[in-house]
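Worksheet: the structure to be examined is printed underneath.
Note that the numbering runs from 1 along the sequence shown for the chain. All values reported here derive from a predicted model rather than from experimental measurement.
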Amino acid sequence: MKIKSILSAAAAALITLSAASQERIILVNEGVWQTDNGRVSYFDNGKIVSNRWFRDRNGYKLGDTPNDIIQINDNLIAIAVNWSNIVQFISPEGNAVAATEDVPNNRKLASDGGRYVYVSSYGQPEGIAYYKGKIFVANTGGYAYTEYHDFEQTVDVLDAVTMKKERSIDTGKINLYGKMSQTGQYLLINSAGDCYEVKPCGIILDCQAVIDGKPDSECFIVTERPCTFSTATNDGKFLAVGSGYSYISSDYGDISFSTIDPKRVFETAGREGITETMPGTMLQDIRQLAMPYGIYVNPYTGYYYATDASDYASSGRLLQWDNHGQYIGSWGVYINPGHILALPPDGMHFGGVDDIVADTPAPADNTIYNLQGIPVTNPAPGQVYIMNGRKFIKQN
């Protein structure tokens with residue numbers, strides 16, 4: 001779709017801002033493991049349209065314990081349905097397109113931007129991410145805590161085409177568990193510890209440093225703050241909520257909250273760049289939740305979301321904040337709501353805005369805007385921005 005009008009770069013950004021008022025969210029609820037009751041909720045501009053959206057659209061259940069959701073291209077979304085051993089593909093309208101069966105204990109998903117989808121299986125690998133033709137896979141050790149073998153502590157690097165392992169980064173931290181967040185060249189990885197003596201922590205990995213062949217010790221920095229649930233922000237940072245379960249005390253202990261600037265962390269060798277802050281009222285609001293279970297930033301609008309799993313056996317909640325972190329409201333969803341995907345607002349497509357064509361060329365001012373129409377002075381690598389009426393991805 002092309003929009004024709006007489007536009008300066010600032011006016012183009014304002015059109016993006018207008019489109020950004022639309023919030024269309026797909027929320028994957030895990031349900032209860034081994035009860036085959038995973039569900040999908042659909043949230044549209046301030047209301048829950050349905051808490052059984054997949055079944056409404058297709059006439060059958062999604063499956064048992066869905067664990068991840070990603071958008072592959074404008075027309076295709078993938079959901080990893082862990083205990084059903086399938087990857088379910090749907091359209092943005094929720095219609096089932098296809099399913100890949102017999103993917104045992106599949107967990108996390110990644111895509112190279114539309115050509116291939118990559119999925120991890122919980123025999124050992126867990127988090128998975130794509131960067132510049134490479135697949136980064138965080139290893140946990142699978143069920144080491146019940147199978148009496150060691151946890152893993154490496155991040156494997158594979159060629160995305162041949163799937164051959166090229167390198168293994170030893171982080172020195174065990175049980176790299178959960179979904180990795182990615183902003184540009186940086187990954188945020190959770191180390192869950194052993195649930196006994198080894199405490200959880202967070203790992204910030206520089207994918208570019210790995211590709212450049214730097215020593216392991218120069219490719220990552222460890223923070224004592226766990227990042228059980230995390231998300232990338234639109235200004236190149238991470239938000240993280242962390243905890244660690246203990247079989248000794250039978251609880252999750254204290255929950256930590258972090259904003260992480262990975263570039264600053266590496267610039268200062270970990271001395272700076274991590275603060276116990278969140279935008280607006282988010283920190284105080286999330287602290288009131290019974291059990292935080294997910295956090296997310298809409299990449300198109302900058303709105304913030306979090307989920308509350310309550311007691312893990314009854315209905316949870318979806319919470320929303322505006323792009324300044326000011327609380328908007330909460331909505332009842334289903335059991336263990338944990339995985340969120342935003343659909344593009346009108347006037348945008350997956351990964352950015354549509355081209356804007358000016359009838360009469362306006363003078364270029366080279367001001368850079370984010371997708372909310374706000375001027376940016378230090379654009380983060382890997383993020384989508386607008387300059388002179390056109391989108392671009394900031395390179396390193």
Side-chain angles (χ1 to χ4, degrees), residues 22-111 114-122 179 293-294 296 298 300 305 307-320 330-346 348-350:
Q22 300 169 359
E23 295 293 310
R24 298 168 181 166
I25 298 296
I26 300 174
L27 169 63
V28 173
N29 304 274
E30 295 177 0
V32 178
W33 181 55
Q34 291 188 322
T35 59
D36 196 25
N37 64 343
R39 290 191 185 182
V40 177
S41 298
Y42 183 64
F43 174 89
D44 189 346
N45 289 327
K47 67 178 181 179
I48 296 291
V49 175
S50 174
N51 277 324
R52 39 175 280 171
W53 189 53
F54 181 86
R55 188 162 188 166
D56 290 344
R57 301 294 296 180
N58 300 289
Y60 57 90
K61 296 186 294 184
L62 176 64
D64 199 323
T65 322
N67 266 193
D68 201 9
I69 181 171
I70 63 169
Q71 186 154 4
I72 301 166
N73 55 42
D74 282 331
N75 303 309
L76 201 60
I77 292 166
I79 303 173
V81 190
N82 169 258
W83 206 243
S84 294
N85 300 325
I86 66 171
V87 176
Q88 177 68 58
F89 296 94
I90 65 172
S91 70
E93 295 75 31
N95 300 318
V97 176
T100 300
E101 300 181 350
D102 300 323
V103 185
N105 213 348
N106 61 84
R107 295 281 291 178
K108 305 302 177 187
L109 300 162
S111 175
R115 186 179 181 188
Y116 291 109
V117 175
Y118 305 88
V119 59
S120 64
S121 177
Y122 195 55
K179 186 177 179 67
Y293 206 62
Y296 182 78
N298 185 330
Y300 306 102
Y305 293 86
T307 60
D308 185 358
S310 184
D311 59 3
Y312 298 116
S314 56
S315 297
R317 290 191 297 153
L318 173 70
L319 293 86
Q320 182 190 51
S330 72
W331 294 263
V333 287
Y334 194 55
I335 301 170
N336 294 327
H339 314 283
I340 303 173
L341 175 71
L343 296 177
D346 292 341
M348 295 186 186
H349 61 79
F350 171 60

Okay, side chain of [X], backbone of [Y]: is any donor-acceptor separation there less than 3.5 Å?
X      : Y      : value
Thr307 : Gly294 : yes
Asp68  : Leu109 : yes
Trp83  : Thr35  : no
Asn51  : Gly332 : yes
Asn29  : Gly38  : no
Asp64  : Ser84  : no

- [ ] Any chance you could lay out the side chain to side chain donor-acceptor pair (under 3.5 Å) test for Asn67 and Arg107, step after step, and finish with the verdict?
- [x] CA-CA 6 Å; Asn67 266 193; Arg107 295 281 291 178; 2.6 Å; yes

Open item on the list: Less than 3.5 Å apart, any donor N or O on the side chain of Asn82 or Asn105 sitting next to an acceptor on the other?
Closed with: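 There is such a pair between these side chains.
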
TODO: Could you tell me whether Phe54 and Tyr60 have their ring centroids closer than 6.0 angstrom?
DONE: yes

Contacts table for residues 92-103: side-chain donor-acceptor under 3.5 angstrom, sequence neighbours left out:
residue, atom, partner, partner atom, Å
Glu93, OE1, Ser91, OG, 3.2
Asn95, OD1, Arg57, NE, 3.4
Asn95, OD1, Arg57, NH2, 3.4

- [ ] Look at the rings of Tyr305 and Phe43 and say which category their plane angle falls in: under 30° parallel, 30 to 60° tilted, over 60° perpendicular.
- [x]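 Correct class here is perpendicular.
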
TODO: Answer yes or no: is there an ion pair linking Asp346 with Arg24, defined by an N-O contact shorter than 4.0 Å?
DONE: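 Yes.
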
